[in-house]
Amino acid sequence: MEMISTEHVSASFGKLDVLKDISVKINEGEVVCIIGPSGAGKSTFLRALNHLEHITHGKIFVMGKLLTWYENGVGKLHLTSKDRRAILLDMGMVFQKFNLFPHKTVLENTMIAPMHVLGKSEEEARKRGIELLKLVGLGEKINEYPNRLSGGQQQRVAIARALAMDPKIMLFDEPTSALDPELVGEVLSVMKSLAEAGMTMVVVTHEMGFAREVANRVLFMEKGVIVEDGSPEQIFQQPKNDRLKQFLNAIL
């Protein structure tokens, strides 16, 4: 099943073309890592999938449902906010910054959205929150406040919070870039476990080891274009594009 599909997606900010004619399909259970230099449009593309950035042209489908349709800056799809929210609930997102509620405990942070958005009871939300915090290795921290946790622990709470909404797809926007190097591994370990459990994931990352080991596909972006799309073996061992070769030589 196609979980995400984009057709000729472009995005411009003023005279700057940030995304240019991107068409890609992501199937159920795939882990797709997006790599490339800063300013390539990676995060803009990821945020456009989740309706956090406006596109100027193209279509975005989520699980077969049309979420966004623009033609030359003109919106062609008029969804009600309820219908749009129903589609967006299939996607969870984890950002660079953790954005946890500082005045709420770790467990309360995972409970808020399921109760207020999904209408779950406090008991249901609490039970699921505890399960997920155990899943990300923080079962003993449920009553702590975010400021008493390390950056890596806070990011794992953010992952648990996103999973609490029972998404079918997880989007990760450079989830380890704000972390001290020694804390990166614990977050990547949780993400690897999700991938092994079959979660469909799209990950913008600078962690080449993770992309090589965990991804089914790797997309290399440059100047708003997907320049190369292939398996980790092909991208890292037999790159075809000269710009990709230059990029890999610089960082590996």
Side-chain angles (χ1 to χ4, degrees), residues 1-11 18-50 53 58 60-62 91-96 155 159 162 167-179 181 184-185 187-252:
M1 179 180 178
E2 283 180 10
M3 303 298 273
I4 293 173
S5 175
T6 71
E7 296 179 1
H8 307 293
V9 165
S10 299
V18 182
L19 301 176
K20 304 171 190 174
D21 197 32
I22 293 182
S23 296
V24 68
K25 298 183 190 302
I26 296 167
N27 294 317
E28 186 174 10
E30 276 195 308
V31 178
V32 177
C33 284
I34 305 175
I35 65 171
S38 296
K42 307 183 299 294
S43 290
T44 300
F45 177 63
L46 195 75
R47 291 168 64 86
L49 296 179
N50 207 23
E53 295 281 6
I60 298 173
F61 296 84
V62 177
M91 287 189 286
M93 188 155 184
V94 177
F95 301 88
Q96 296 178 34
Q155 190 63 295
I159 293 172
K168 309 290 192 304
I169 304 159
M170 284 287 285
L171 309 178
F172 293 87
D173 187 9
E174 298 187 26
T176 60
S177 65
L179 301 178
V184 168
V187 174
L188 294 180
S189 177
V190 169
M191 293 169 62
K192 185 178 177 182
S193 297
L194 288 178
E196 289 170 349
M199 175 65 77
T200 304
M201 296 165 57
V202 186
V203 185
V204 171
T205 185
H206 293 294
E207 302 294 337
M208 297 301 127
F210 177 84
R212 192 192 294 254
E213 182 183 353
V214 180
N216 304 109
R217 282 166 63 201
V218 179
L219 311 181
F220 173 68
M221 287 188 69
E222 162 79 350
K223 296 181 179 177
V225 177
I226 295 176
V227 176
E228 198 156 334
D229 175 352
S231 68
E233 293 77 18
Q234 187 250 300
I235 292 292
F236 290 107
Q237 295 172 21
Q238 298 175 312
K240 299 171 185 172
N241 181 269
D242 287 340
R243 182 64 185 94
L244 173 55
K245 293 176 185 176
Q246 181 187 0
F247 175 78
L248 293 174
N249 285 337
I251 62 170
L252 293 180

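All of these numbers come straight from a predicted model, not from anything done at the bench.
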Taking all heavy atoms of [X] and all of [Y], pick out the closest pair and write down the distance.
X    : Y    : answer
P167 : G92  : CB-N, 3.4 Å
Q155 : P175 : NE2-O, 2.7 Å
A162 : V94  : CB-CG2, 4.1 Å
S43  : E174 : OG-OE2, 4.0 Å
M199 : V31  : O-CG2, 4.2 Å
F236 : A211 : CZ-CB, 4.0 Å

Do [X] and [Y] touch side chain to side chain, with heavy atoms closer than 4.5 Å?
X    : Y    : value
T6   : L49  : yes
V203 : V214 : no
S189 : F210 : no
M93  : L46  : yes
F45  : V204 : no
F172 : V187 : no

To the nearest 0.5 Å, what is the distance between CE on M221 and CZ on F247? 12.0 Å
If you measure from CD1 on I22 to NE2 on H8, what distance do you get to the nearest 0.5 Å?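 Answer rounded to 0.5 Å: 12.0 Å.
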Are more than 12 heavy atoms from other residues, nucleotides or ligands located less than 6.0 Å from atom CD of E196? yes
Excluding sequence neighbours, so at least two apart, what forms side-chain contact (heavy atoms from CB on, under 4.5 Å) with A11?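 So A11 forms a side-chain contact (heavy atoms from CB on, under 4.5 Å) with L19.
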According to salt bridge (Lys or Arg N to Asp or Glu O under 4.0 Å), does anything in residues 23-33 pair up with another residue at least two apart or in another chain? List the pairs. E2-K25, E30-R217
Test item: side-chain donor near acceptor, E53 and T44, under 3.5 Å: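 No, no side-chain donor-acceptor contact under 3.5 Å.
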Please tabulate, for side-chain N and O atoms in residues 239-246, each donor-acceptor pair with protein atoms closer than 3.5 Å (sequence neighbours left out).
residue: N241; atom: OD1; partner: R243; partner atom: N; Å: 2.8
residue: N241; atom: OD1; partner: L244; partner atom: N; Å: 3.1
residue: R243; atom: NE; partner: E222; partner atom: OE2; Å: 3.0

